[in-house]
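Following: one structure in structure tokens, then a few remarks.
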Amino acid sequence: MDMKKKGAFIAFEGIDGSGKSTQIQMLSEKLRELGISFYATMEPTDSPVGSMIHQIMTGRMQADHRVIAALFVADRLDHLLNEVNGVKHQIENGVSVIMDRYCFSSYAYQSIQVPMDWLIQANALSSGILKPDLNIFLDADPDTALERIAKNRFQKELFEEKSWLVKVRGRYFEAFDKLKDSEHVIVIDADRSAGQVAEDVWKAVRGYFV
Ligand code: ADP
Ligand code: TYD
């Protein structure tokens, strides 16, 4: 019998500019210092499907919202199942995985145009294969998030309008409520300094790593 311990699976969620990449970087440094092996990765991925999504988001390609929703589903399945660096394989081999966005991003963002129940159904294949031990929602105020983005980026992507971010934040909470019996979610106030947020992130995840 294979007694190998599975890796932990932590997903970071939040509106654009909430500080996900910053927190993942800080957590990665901490884990490296402690000598803990892990794999940090993000969605959309840089696979062929992920590249199509990036092209659509930057306006270089057109697609209906239902097509975009389906592409995110396909990108996610490939992220899990890909034979080269698939996350499922890594977790089964004891590597912990930290993911920048997972299923809740689909529920929150795509539900503006596509019914949430369809999205939950369509993503059931993924969440059936791998469900995060913990979803960390970095809760940033849309104004704060937009200020951060404006300071640091030139290119404005499709998803970064304020009214959009307000809606997306609302949809996140709707999805958390809908799935409260089957998903483990923790909400962290992300309107504070990166260091303060990182302390709370560490408190939430340390039990999975040490
Ligand atoms: P996301 O990955 O969620 O889009 P980022 O981590 O890229 O967010 O953060 C967006 C911008 O805001 C970055 O330039 C980052 O340096 C800055 N930033 C991140 N967290 C904080 C924070 N707690 N306070 C101030 N600025 C932050
Ligand atoms: P990205 O450039 O990674 O932005 P961020 O640093 O804010 O995460 O682009 C990700 C965008 O894709 C972001 O606006 C959210 C969106 N997205 C969805 O709409 N649905 C999804 O399922 C995922 C994973 C991302």
Side-chain angles (χ1 to χ4, degrees), residues 11-29 40-47 49-61 63-80 87 98-114 116 118-120 122-127 132 135-169 171-172 175 188-202:
F12 281 77
E13 295 285 354
I15 59 175
D16 302 66
S18 56
K20 292 180 308 310
S21 6
T22 304
Q23 290 304 320
I24 289 173
Q25 209 182 323
M26 291 172 84
L27 176 59
S28 299
E29 273 161 33
T41 179
M42 64 174 71
E43 294 186 353
T45 69
D46 56 7
S47 75
V49 179
S51 307
M52 282 178 74
I53 294 172
H54 282 294
Q55 291 203 355
I56 294 164
M57 290 197 318
T58 51
R60 280 173 286 163
M61 208 181 115
D64 185 272
H65 287 290
R66 288 161 286 192
V67 176
I68 302 177
L71 288 174
F72 275 116
V73 171
D75 187 42
R76 183 160 299 130
L77 283 168
D78 183 61
H79 198 191
L80 297 182
V87 163
I98 300 169
M99 214 184 273
D100 190 338
R101 300 193 178 282
Y102 192 54
C103 294
F104 274 109
S105 284
S106 276
Y107 309 154
Y109 285 82
Q110 273 64 59
S111 71
I112 311 287
Q113 270 106 4
V114 178
M116 196 183 287
W118 183 87
L119 295 162
I120 292 172
N123 278 283
L125 273 178
S126 292
S127 65
N135 294 280
I136 296 183
F137 182 66
L138 297 178
D139 190 17
D141 179 77
D143 281 316
T144 314
L146 278 172
E147 270 167 37
R148 289 178 187 168
I149 294 166
K151 242 189 231 167
N152 299 289
R153 264 190 230 170
F154 296 108
Q155 191 170 17
K156 232 173 114 192
E157 289 182 348
L158 183 67
F159 294 136
E160 288 168 1
E161 305 289 341
K162 175 171 175 186
S163 60
W164 179 267
L165 291 187
V166 170
K167 271 194 210 160
V168 170
R169 180 173 175 276
R171 292 302 165 99
Y172 264 117
I188 292 180
D189 173 6
D191 287 336
R192 300 168 296 156
S193 75
Q196 285 173 312
V197 178
E199 264 181 44
D200 283 358
V201 168
W202 181 243

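As a basis for the values below, the full set of heavy atoms in this structure was taken, side chains included, without hydrogen atoms, waters or symmetry mates. Whatever order the structure lists them in is the order used to number ligands and atoms, beginning at 1. It should be emphasised that the depicted structure is a prediction, and the values quoted were computed from it without experimental measurement.
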**Report entry** Electrostatic pair R169-D141, nearest N-O below 4.0 angstrom
**Finding:** no
Query raised in the report: Just by distance, do the side chain of N135 and the backbone of A11 share a donor-acceptor pair under 3.5 Å?
Result: no
Requested in this report: Distance to 0.1 Å, residue and atom name: give those for the protein heavy atom nearest to atom 4 (O) of ligand 1.
Outcome: G17 N, 2.9 Å
Report task. Would you mind running through ligand 1 and noting each atom that sits below 4.0 Å from a heavy atom of A194? Result -> 22 (C), 23 (N)
Query raised in the report: So which of T22, T144, I15, D100 gets nearest to atom 16 (O) of ligand 1, if we judge by its closest heavy atom?
Result: T22
Query raised in the report: For ligand 1, is R192 a contact, meaning one of its heavy atoms is under 4.0 Å away?
Result: yes
Report task. Identify the two heavy atoms, one from S105 and one from Q110, that lie closest to each other, and give their separation to 0.1 Å. Result -> O-OE1, 3.8 Å
Query raised in the report: Quick one: does NZ or CZ of R76 land under 6.0 Å from the six-membered ring centre of Y102, within 45 degrees of the ring axis?
Result: yes
Query raised in the report: Just distances here: any N/O of G19 and N/O of ligand 1 closer than 3.5 Å?
Result: yes
Query raised in the report: Is the number of heavy atoms from other residues, nucleotides or ligands under 6.0 Å of M42 CE greater than 12?
Result: no
Query raised in the report: Which atoms of ligand 2 have any heavy atom of R76 under 4.0 Å away?
Result: 21 (C), 22 (O), 24 (C)
Requested in this report: Using a 4.0 Å heavy-atom threshold (strictly under), name the region of Q110 that reaches ligand 2: side chain, backbone, both or neither.
Outcome: side chain
Requested in this report: Give a yes/no on ligand 1: does S18 have at least one heavy atom closer than 4.0 angstrom to it?
Outcome: yes
Requested in this report: Starting from atom 2 (O) of ligand 1, find the nearest protein heavy-atom neighbour and note its residue, name and distance.
Outcome: S21 OG, 2.4 Å
**Report entry** Partners passing ring-ring contact (aromatic ring centres under 6.0 Å, His included) against F137 (at least two apart in sequence or in another chain)
**Finding:** Y172, F173, F176
Query raised in the report: For atom CD of Q113, is the number of surrounding heavy atoms from other residues, nucleotides or ligands below 6.0 Å larger than 12?
Result: yes
Query - Options K20, M42, E43, M57, ranked by nearest heavy atom to atom 12 (O) of ligand 2, top entry - result: M57
Report task. Ignoring angles and geometry beyond distance, decide whether D16 reaches within less than 3.5 Å of ligand 2 through its nitrogen or oxygen atoms. Result -> yes
Report summary line: Scanning both residues in full, the closest heavy-atom pair of A69 with V114 reads CB-CG2, 4.2 Å
Report task. May I ask you to check if ligand 2 and R101 share an N or O to N or O distance below 3.5 Å? Result -> yes
Query raised in the report: Which ligand 2 atoms does S105 reach within 4.0 Å, using its non-hydrogen atoms?
Result: 20 (N), 21 (C), 22 (O), 23 (C), 24 (C)
Report task. Please identify which atoms of ligand 1 are closer than 4.0 Å to at least one heavy atom of K20. Result -> 1 (P), 2 (O), 3 (O), 4 (O), 6 (O), 8 (O)
Query raised in the report: Can you check whether R101 reaches Y109 side chain to side chain, under 4.5 Å on heavy atoms?
Result: yes
Query raised in the report: What's the shortest distance from atom 13 (C) of ligand 1 to any protein heavy atom, and which residue and atom give it?
Result: N152 ND2, 3.9 Å
Query - Set of side chain to side chain contact (heavy atoms under 4.5 Å, CB included) partners for A70, sequence neighbours left out - result: none
Report task. Measure S193 to ligand 1 on non-hydrogen atoms and call it side chain, backbone, both or neither using the 4.0 Å cut-off. Result -> backbone
Requested in this report: For atom CG of D143, decide whether the heavy atoms of other residues, nucleotides or ligands shown that lie under 6.0 angstrom number more than 12.
Outcome: yes
Query raised in the report: What protein heavy atom sits nearest atom 26 (N) of ligand 1, and how far off is it?
Result: R148 NE, 3.6 Å
